[in-house]
Structures are given as structure tokens and as C-alpha cells.
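Each chain gets a letter, A, B and so on, in the order its sequence line appears, and its residues count up from 1.
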Amino acid sequence: MRYSNFFIPTLREVPAEAEVISHKLMLRAGMIKKLASGVYNYLPLGLMVIRKVENIVRQCMNEAGAIEMLMPSIQPSELWKESGRWDYYGKELLRIRDRHDRDFCYGPTHEEVITDVVRSYISSYKNLPINLYQIQTKFRDEVRPRFGLMRGREFMMKDAYSFDMDDAGANISYEKMYKAYCRIFESCGLKYKVVEADTGSIGGSFSHEFMVLADTGEDFVISCGSCDYSANVEKAISVNEFVKSEEELKPAEDVITPGVKSVEDVAGFLKIKPEQIAKTMIVRVDDRLVAIMVRGDHEMNEAKVKNYFKATTVELASYDSIEEATGGPAGYSGPVGIKVPVYADYAVASMVNYCVGANLKETHSININHGRDFDFADVDDFRNAREGDTCHKCGGKYMITKGIEVGHIFKLGTKYSSSMNAMFLDKEGKRQPFIMGCYGIGVTRVAASAIEQNHDENGIIWPVQLAPFKAVVVPLAVKDEEVMRHAEAVYKRLSDMGMEPLLDDRDERAGVKFTDAELIGIPVRITLGKKTLEKGCAEVTVRKTGETTEVPLPDCAEAVKKILDSLL
RNA sequence: CGGGAUGUAGCGCAGACUGGUAGCGUACACCCUUGGGGUGGGUGUGGUCGCAGGUUCAAAUCCUGUCAUCCCGACCA
């Protein structure tokens, strides 16, 4: 590709809208342009990178036996009503209406559609298993889109769906995808980690997330320093590692705490540690209220609460509900004398003489003890795991790192096949629902996360596998015929060798060309200037290291190839 | 949805408090200059000041409403 025939509108200044590095660099490198909040144009360079990701995904999926198809982005409401998600999915589902007043949505995911396809055509175990996938544009009306392609509303996703006749088969399908995903992220040249995940509202029995490790990640990954356990914060198991103190029980008393609500404030006001306070949160679990207690310095984990109660929704109660449950205002809730059952995290169960809200305005109670002042309905794991916690598998210590969720695989079971009556006949001639799995990869997010993981102050440093061009040929004097003749020759050789070169034939100063080449992140640069040409050489510069070597012209292409291979 | 902020040329910003009909940098076009890290100089093009009302002789500026965007939080297959 010749730069002068292409379209890479690089920006010298960063548009004010960008916050994270991948967003800034994608805008500056002329890869994307925002059209609306969370909705982007993919400019030529951006599209090239997305295609690279797509192709890697496609190849690995095909190798794993999945079959590509394409489903519509617009879906009729009927299917969603069948699965029950039309009411359940919420505002994230962008609903639209056609001229006949029929309800549709812009697909955020395609479980319903694929289930409809499969139930129409597959009615025998003889046609199973099958795994169908697509690479499609999705739309999720996120509450707060941000970070460019990292959390857009419209984005590209590869989604695959497997259908099996029994549980054992479904596990094999899942395993195949697990392995395919590992190959995909390795092939993209990314550092990633697989973690156990909560299945969330998509339902199902087990699930793994594929996280690209980067400091700007929005998700926290818990992993053990001693064994191979890793999980996201929602899922990571916190063991009961607390020993109850032998301390003598003191008489309870109330303390006036004017304007003091948060744990931090209470701790400061009473001159105690947050660990001596127990937070009491009133939570709405489906349509009833319960109280959940966690230690002052811990965080309640809603996913764990949800799973404990086998509930479909869990949310913090409204102020009205809190008053109803406790008789006191929000911010001063405590476990003593309230109308709802009290569930405690393990850590709370080991506490003695602790501080809680008194269910009275501006009042806390100290030296409270369960068993004497109130009773737990039950004790379990209700909090987020933290760095330094004991690993439930091996007794090692948890570490916490940040990651970007780029892939998620679920074993769905029969959630959709049952609700949508997708059945086949088994060997005995009995009707059975398909056992399903679903497997997603955020294609556009992979591109963004590659930048988060690979950049420096001058711009992007593409992993070779994702680079839109693998090498850029930079003649410094395009008006000099001699220089251009050599540049063209090198360009052609690289091109013939399949190295997807870019020829910067613009009549620009050296600085401009160098800056742009670095910004858009081409792995190798071949510079041709008069001085080095006199020696019959070109300069070959590695983007990642900045290392430059003079190479005789005839050896140029080989040298580039060697460097590219070494970067893989 | 709660809190905070911003909307002025493609991009980055000033002007607003104190009303008088819009400016700087960059980008873009042309001329000269320079030619291995965004060269220097000059001449230009480009703006319904987000939108709609209102106050006023006069509104980018004051008032009301509205829309959009961003940040923090809540939420999130």
C-alpha cells in the first residue's frame, strides 16, 4: 500500500473525549472516529486491524470444528418473549419498532436466534453435536459507554453456540472452545489469563473468562501465587480463615455519631479500626428483603448473595425499604431488632465486641455481639476476595491484577432450549432439549486491549500478528529519483514476500514520517536516505526496541523477515 | 439513574465575571525557505459561538428550557 493512495488521518492533538490510552491512540492513529456516544466509524487502518483479529478467530474456530454463518442484527421480539428475556434483559436491549408497530430489537447477543435456527432443522441426535458461530455487529445500550472501543455500545463480536445431545458431549464442546480460545489469544500475541467466572444473568452452570492483562483493565482478577487457581472477583472463593477472639464480652451501648455514616467516618469518629465495625446492608433479593453483614473493611459481593439465595435479582434496598426493614434511616442500619433475617459473612461471625448501626438517626452501637444481642439466620461467603486472602485450593495467598475481559465461555445447559422448546429425538426416540454452550469474543475489544498492552509514549506497538502493515518503507527524499527507485525495489520485494508493507511516498519531512510510523505502530521501519544509500545500505528500525541497524540493500527484505519472526 | 463538568473553525483552546457583532495555536491552500525527528517566514480559506425561547437599542457573554458529550458513582451478556 502506498501512503499517498491510502487514508490515515493521524492527529497531532488528542480529542478531549479520550481518557484511556487505547482510545487516545486509536483516535490519533486515525483508526476510529466517533459518530455518537459509544458508536464509532472504523477508518481503514482500524478496519485492517479488526480484520486481522477476525481472521485469527475464524481460523481457530474452523480448526476447532465450528461452522461460520451470519445472523441478522435486527431480531423480532417474539423470540425474546419466548425465552423470557424481552422483559428480563432491561434497558440495555435497544428496542425498535417497525412501520407496522411490531417490536424488534438490535441484537445484543444471539442465543434466541440460533436456538430458533437449530430447532427448525435439527431433530435427531445423529446430527449432533454442532457448533455454529458468526462474527457480527452487536448493540448493547450501555448505561455509560466509555473508553472508546473498550466499552462501546456498538461493537463487533464473535459468538458461537454449541448444541449437544448430553452433558458429557456438552463438556467436550466446552473444552474444545476453551482450547480454541487459548490458541486465539496466543495467536494475537496477547498476554492473557483464564479465570473462573460467575455465569451472571445469561444463566448456565459454569463459565470462564479470558482476560487480557493490562493496568487500565476494568476487571479485577484474583489469582493464587502458589497454584493455578484464578477467578474474577465475583467468583473468587473466600474461605473462612477467621478465628474468633477470646476477648470477654462487654456490655453493649449506644453512641451518638452526628453526621457520621460511612465506615471510614465511624472508624475515625470512634477512634477504632474499620475491622471492628460490621456493615449491615439491607438487600432486596427478588421480592423480599434481607440483611447482609460484612466486616467494615470488606465489600459485599452481590453475585455471591444472588447465588446463595438462588435469586434472579439482587439489589441494594431503597431508602424506603430500609426504613421499613430497620425502623431507622439509611446509613445507620444494624442487625439488632430488625424485621428481616440477618445473614453474615464468615469474617463477621468471628468478630467480638463490634460496632454496628443502631437503626436510629445518628447513632451507632458498640460492643455488639451475635448470639447475645441478635442471631444470624446463616453464615456464608458474601464478600469480595482481597489481595492476601488465603487460597481455597492450596492455602497460598491471593494476588490481584487488572484485566480486560475479551472472551467469555458459558456452559448454558438447557436454559434456552427448554424455554424455546428446542428438542431432538435421542437414541431411544425420546424428546430431549439440546444441551447448549455459548462462547463470545469481543473482536473490537481485542484490538483495543492489544494497544493497552503494547504501546509507549510515541504510540502503538502492534504485535506482529495484528499489525495492519508489518513493515513501512520510508524514503526520505521522494523527489530524488535514486532514493525512490531503491524504495520501490525494497517495497516490491517485501510485498512479494507477503510482508504487507506500507510505502510512505508522501513528500513530508523525515520527522513527520517517523512520528506517524511510530504512532500507527508498524513493527519494522526501513529508512532510505541519501547518506546510507551511498554505502549501499538502508536502515532497519525495530519499533518495539528502537534498535536500528544498517543493512545492505539486497539483504533488507531478509533482515526484516528475520526481525518479524523474532517478534512472534 | 445520582453527583460533577463541558459545548466557540477539522483538532486543542482563549473570549463570558464587567453585553458592543469573535480570536490564538495547529491543520488546510498558495509563495519563499528548509530537507535525517512535527523547519522558518509570509499571504489566505474556513465559525448559524450546540439548539430554542427570553431580557436588551445590542447577546458567544445575562436568564429559562432543551439536546449532546465527557468524568466519578451505581449498573452491566
If I pick the C1' atom on C13(B) and the same atom on U56(B), what distance separates them, to the nearest angstrom? 30 Å
Can you find a donor-acceptor pair, distance only, under 3.5 Å between E539(A) side chain and G36(B) base? yes
Please report, rounded to the nearest Å, how far the C1' atom of U34(B) is from the CD atom of E508(A). 13 Å
Is the positively charged end of R95(A) above the ring of F104(A), judged by distance under 6.0 angstrom from the centroid and angle within 45° of the axis? no
Without decimals, in angstroms, what is the distance between E142(A) CD and C1(B) P? 16 Å
Interatomic distance at P, G44(B) relative to U55(B), whole Å: 41 Å
Assign R525(A) to base, sugar-phosphate, or nothing according to its heavy-atom contacts below 4.0 angstrom with the strands shown. base
Base, sugar-phosphate alone, or nothing: which one does L11(A) contact when heavy atoms must sit under 4.0 Å apart? nothing
Could you tell me how far apart L27(A) (CG) and G12(B) (P) are, to the nearest whole angstrom? 10 Å
Do the ring centers of Y308(A) and F382(A) come within less than 6.0 Å of each other? yes
Along nucleotides 67-74 of chain B, 5' to 3', which nucleotides get a B, which get an S, and which get a -, given that the test is a protein heavy-atom distance under 4.0 Å? --SSBBBB
Walk me through it: do K193(A) and E209(A) pass the test salt bridge (Lys or Arg N to Asp or Glu O under 4.0 Å)? CA-CA 8 Å; K193(A) 207 169 184 84; E209(A) 283 174 355; over 6 Å; no
Counting Watson-Crick and G-U wobble pairs only, both distances under 3.5 Å, name the nucleotide matched with G2(B), or none. C72(B)
Contact class for D507(A) vs. all strands (heavy atom < 4.0 Å): base, sugar-phosphate, or nothing? base
Aromatic ring proximity Y133(A)/Y161(A), centre distance under 6.0 Å: no
So, for F155(A) and F139(A), is the gap between ring centers shorter than 6.0 Å? no
Identity of whatever pairs with G46(B) - Watson-Crick or G-U, under 3.5 angstrom: none
Which nucleotide, in any strand shown, forms a Watson-Crick or G-U wobble pair with G53(B), with both distances under 3.5 Å? C63(B)
Begin from the C-alpha positions of E142(A) and R151(A) and carry the test salt bridge (Lys or Arg N to Asp or Glu O under 4.0 Å) through to its verdict. CA-CA 8 Å; E142(A) 294 275 352; R151(A) 180 174 284 263; 3.1 Å; yes
Length of the line joining E405(A):CD and C75(B):P, which is rounded to integer Å: 16 Å
Answer with yes or no whether E518(A) presents, from its side chain, a donor or acceptor under 3.5 Å of a partner atom in the base of G37(B). yes
Using a cut-off of 4.0 Å on non-hydrogen atoms, how would the nucleic acid contact of P108(A) be classed: base, sugar-phosphate, or nothing? nothing
Roughly how many Å is it from CG in N232(A) to P in C76(B), rounded to a whole number? 13 Å
C1' atoms of C72(B) and U8(B), separation to the nearest Å: 27 Å
Centroid separation under 6.0 Å, is that true for the rings of H208(A) and Y178(A)? yes
Could you state the CZ-C1' distance from R509(A) to U39(B), rounded to the nearest angstrom? 4 Å
Distance between C1' atoms of C62(B) and U69(B) (Å, rounded): 24 Å
Apply the side-chain contact (heavy atoms from CB on, under 4.5 Å) test between T541(A) and each candidate in I526(A), T548(A), I522(A); give the one that qualifies. T548(A)
In E82(A), R85(A), E112(A), E111(A), the residue satisfying side-chain hydrogen bond (donor to acceptor under 3.5 Å, both in side chains) with Y416(A) is R85(A)
Between E13(A) and L533(A), the residue closer to the 5' end of RNA chain B by nearest nucleotide is E13(A)
What is the pairing partner of G23(B), taking Watson-Crick or G-U wobble pairs with both distances under 3.5 Å in any strand? C13(B)
Pairwise P distance, C24(B) and A74(B) [rounded to whole Å]: 45 Å
Quote, to the nearest angstrom, the C1' distance that separates U34(B) from G46(B). 28 Å
Please state whether the base of G36(B) and the side chain of T527(A) form at least one donor-acceptor pair under 3.5 Å? no
R506(A) CZ to G37(B) C1', in whole Å, measures 13 Å
Between U61(B) and G37(B), how far apart are the P atoms? Round to whole Å, please. 47 Å
Between P on C75(B) and CG on N301(A), what's the gap in Å once rounded to a whole number? 11 Å
Name the residue closer to the 5' end of RNA chain B, choosing between E92(A) and K531(A) according to the nucleotide with the nearest heavy atom. K531(A)
Between G50(B) and A9(B) - P atom distance, rounded Å: 8 Å
